[in-house]
Amino acid sequence: MIWLGSGIIYRALIGCILAGLLTGLIGVFAVRMKLSSIGFCMSHAAFAGAALGVATAINPLFTALIFSSSTALLIGPVADKARLHADAITSIAFPLTMALAFIFLTWSPSIGLTSEVGSILWGSILSILNSDIVYMVILCAVSLTLIILFWKELFSIMFNRKLAEADGINTKPFIYFIIFLIGVVVTLSLKLVGGLLIFALLYNPASTALQFLHDMRKIIVAAPLIGVTTCLAGFLLSLILNLPVGSSIVALSTIIFAIAVILSPKRRRFKG
Amino acid sequence: MFRDHVIRLVNVSSTYEGERRAAIKDINLTIERGELVYIVGPNAAGKTTLLETINGLLIPVKGTVEVLGLDVKREGVRVRCRVGYVPQDFIVDPGEPYTAFDVVLMGMYGKMGILRKPGWREREKCMEVMALLGVDNVADRPMGKLSGGQQQKVMIARARVKEPEILLLDEAFSNLDMESRHRIPGLIDQLHRERGITTLIVTHDLSHLLDGCERMIAMDKGRIIADGRPGDVLSILERLTSYPRVEVIG
């Protein structure tokens with residue numbers, strides 16, 4: 001039984017708030033820029049990195065971060081070089097990262113999926129450390145600052161990349177920056193719900209906000225709030241019903257999205 | 001008298017991604033500052049490809065493109081900051097979370113440069129241009145909820161708002177209602193006359209041939225087949241039995 005006043009719970013709650021905020025925020029860009037499979041690929045790259053870390057006795061979070069950020073940095077330029085959409089390159093990178101993960105796991109068969117690697121795959125919010133919180137706070141601050149600074153360009157690219165190019169915006173660095181950010185956010189949020197469920201946190205809050213709002217500026221504020229609320233409520237639900245934390249958060253997030261679709265005013269005719 | 005070349009294409013061929021056949025082939029073209037040029041031709045003649053090659057959205061596989069004295073391949077971003085472009089058939093999904101005002105304001109973002117935020121001057125300018133095109137009354141409505149004609153006017157306002165030196169219009173009048181079909185081309189003509197903006201208009205419908213047009217380029221199968229005064233080009237096209245009939249109304 002975990003005492004509600006314990007440090008573990010406080011860290012878990014702060015982790016929920018930060019991960020919900022980050023994934024909700026960055027998810028808006030992932031959805032609008034049609035980078036749907038990036039999150040999927042990033043979590044598996046992080047998993048491969050964590051497996052390597054365990055096999056070589058290096059901090060798995062560090063190796064996971066190296067793997068996912070390197071993959072993120074490669075996707076954009078490779079997509080441009082191959083003249084394919086980033087999603088296509090992601091689909092090629094995804095099985096590769098899984099293959100690498102399994103190879104690394106065979107290097108340390110005694111550890112397998114039962115240790116830190118497992119916590120990256122399934123999530124382990126109660127094992128969140130103070131250092132994890134610090135990393136997430138730094139990432140929050142850096143992401144918010146950069147998004148505010150380059151909001152004008154990102155706003156335009158989210159509307160239509162080709163038009164943004166036609167207006168004289170060099171879109172490539174911004175797309176690469178968002179892919180990189182998705183990679184880092186996914187890696188640092190893995191302890192919350194795990195690699196297999198992280199996409200739900202990335203895409204559901206943004207998709208929910210898009211059901212109700214007609215203004216991108218409101219969506220970019222609403223999606224992180226939805227993300228935070230979902231993470232906190234899902235976490236509390238898991239404590240009350242004794243369910244896995246990640247699964248509770250994802251199930252709740254999907255239910256909220258389904259309700260949003262049903263209630264969405266966007267399917268009504270616009271009067272004016 | 002025209003003073004200088006603002007667009008110069010030498011032996012240019014462009015191909016779209018995944019296609020082997022060049023969409024435009026061996027194009028040699030010079031446009032002088034302040035010219036108003038119609039580019040006509042049937043579907044798949046290469047008209048849109050020519051515009052996209054000029055503003056660097058499509059990098060040619062062969063030849064050189066120079067716009068406003070800059071090599072488009074190396075300095076495409078700088079070129080596009082000074083060129084207004086209205087793409088063909090740009091219709092926004094009804095669920096898009098952008099207002100008509102947002103779409104027009106975005107036209108200035110490239111020219112404003114990185115890190116600079118739009119202020120009241122830019123917003124005022126947007127409303128002025130929207131009023132000129134008759135879409136100021138829908139400024140705060142979602143772009144996707146506007147009619148095709150209104151969206152087209154918003155797109156023209158977007159290209160116009162950054163005060164371009166070159167204006168590229170790709171079938172920009174096709175979705176307009178009858179009243180706007182006379183008024184909007186008239187505004188483009190006025191802009192061209194008053195500010196000397198070099199204007200390239202791609203169309204396959206010549207029902208609104210502008211007074212200021214002194215040059216017409218006819219394309220077919222990716223090549224320029226006629227280039228000269230509109231009357232002369234149309235006469236040549238009439239004699240070509242293989243060329244689809246170009247309709248001139250009014």
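In what follows, chains carry the letters A, B, and so on, assigned in the order in which the sequence lines appear, proteins first and then strands, with residues in each chain numbered from 1. In this text the structure is predicted, and so the values were computed from the model without any measurement.
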Looking only at heavy atoms, what is the nearest atom pair of [X] and [Y], with distance?
{"X": "B:K162", "Y": "A:A166", "result": "NZ-O, 3.6 Å"}
{"X": "A:R32", "Y": "B:P97", "result": "NH1-CD, 3.4 Å"}
{"X": "B:C81", "Y": "A:G168", "result": "SG-O, 3.6 Å"}
{"X": "B:K117", "Y": "A:I148", "result": "NZ-O, 2.6 Å"}
{"X": "A:S156", "Y": "B:M106", "result": "CA-SD, 3.4 Å"}
{"X": "B:P87", "Y": "A:L163", "result": "CG-CD2, 3.8 Å"}

Atom [atom1] in [X], atom [atom2] in [Y]: separation rounded to 0.5 Å?
{"X": "B:Y109", "Y": "A:W151", "atom1": "OH", "atom2": "CH2", "result": "9.0 Å"}
{"X": "A:R217", "Y": "B:T99", "atom1": "CZ", "atom2": "OG1", "result": "6.0 Å"}
{"X": "B:D102", "Y": "A:H214", "atom1": "CG", "atom2": "NE2", "result": "12.5 Å"}
{"X": "B:L115", "Y": "A:F150", "atom1": "CG", "atom2": "CZ", "result": "5.0 Å"}
{"X": "A:N160", "Y": "B:E96", "atom1": "CG", "atom2": "CD", "result": "8.5 Å"}

Heavy-atom donor-acceptor pair, [X] side chain to [Y] backbone, under 3.5 Å:
{"X": "A:K152", "Y": "B:P118", "answer": "no"}
{"X": "B:R80", "Y": "A:I169", "answer": "no"}
{"X": "B:Y98", "Y": "A:D215", "answer": "no"}

Chain B contact via [X] - side chain, backbone, both or neither, heavy atoms under 4.5 Å:
{"X": "A:K218", "result": "neither"}
{"X": "A:L149", "result": "both"}
{"X": "A:F174", "result": "side chain"}

Between B:E52, B:R82, B:M143, which has the largest tally of heavy atom pairs under 4.5 Å with chain A?
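Maximum pair count with chain A is reached by B:E52.
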Under 4.5 Å heavy-atom distance to chain A, tell me which part of [X] shows up: side chain, backbone, both or neither.
{"X": "B:V83", "result": "backbone"}
{"X": "B:V79", "result": "neither"}
{"X": "B:M108", "result": "neither"}

What do the steps show when you test A:D167 against B:K111 for salt bridge (charged side-chain N to carboxylate O under 4.0 Å, His left out), and what is the final call?
CA-CA 7 Å; A:D167 285 326; B:K111 196 171 186 178; over 6 Å; no
Taking everything shown except B:R8 itself, do over 12 heavy atoms lie less than 6.0 Å from its CZ?
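Incorrect, the count does not exceed 12.
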Would you find more than 12 non-hydrogen atoms of other residues, nucleotides or ligands less than 6.0 Å from B:K62 atom NZ?
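Atom NZ in B:K62 is crowded, with more than 12 foreign heavy atoms closer than 6.0 Å.
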Working note: B:I114 + A:E153, criterion side-chain contact (heavy atoms from CB on, under 4.5 Å); need CA distance, chi angles, decisive distance, verdict.
CA-CA 8 Å; B:I114 219 158; A:E153 287 76 16; 3.7 Å; yes
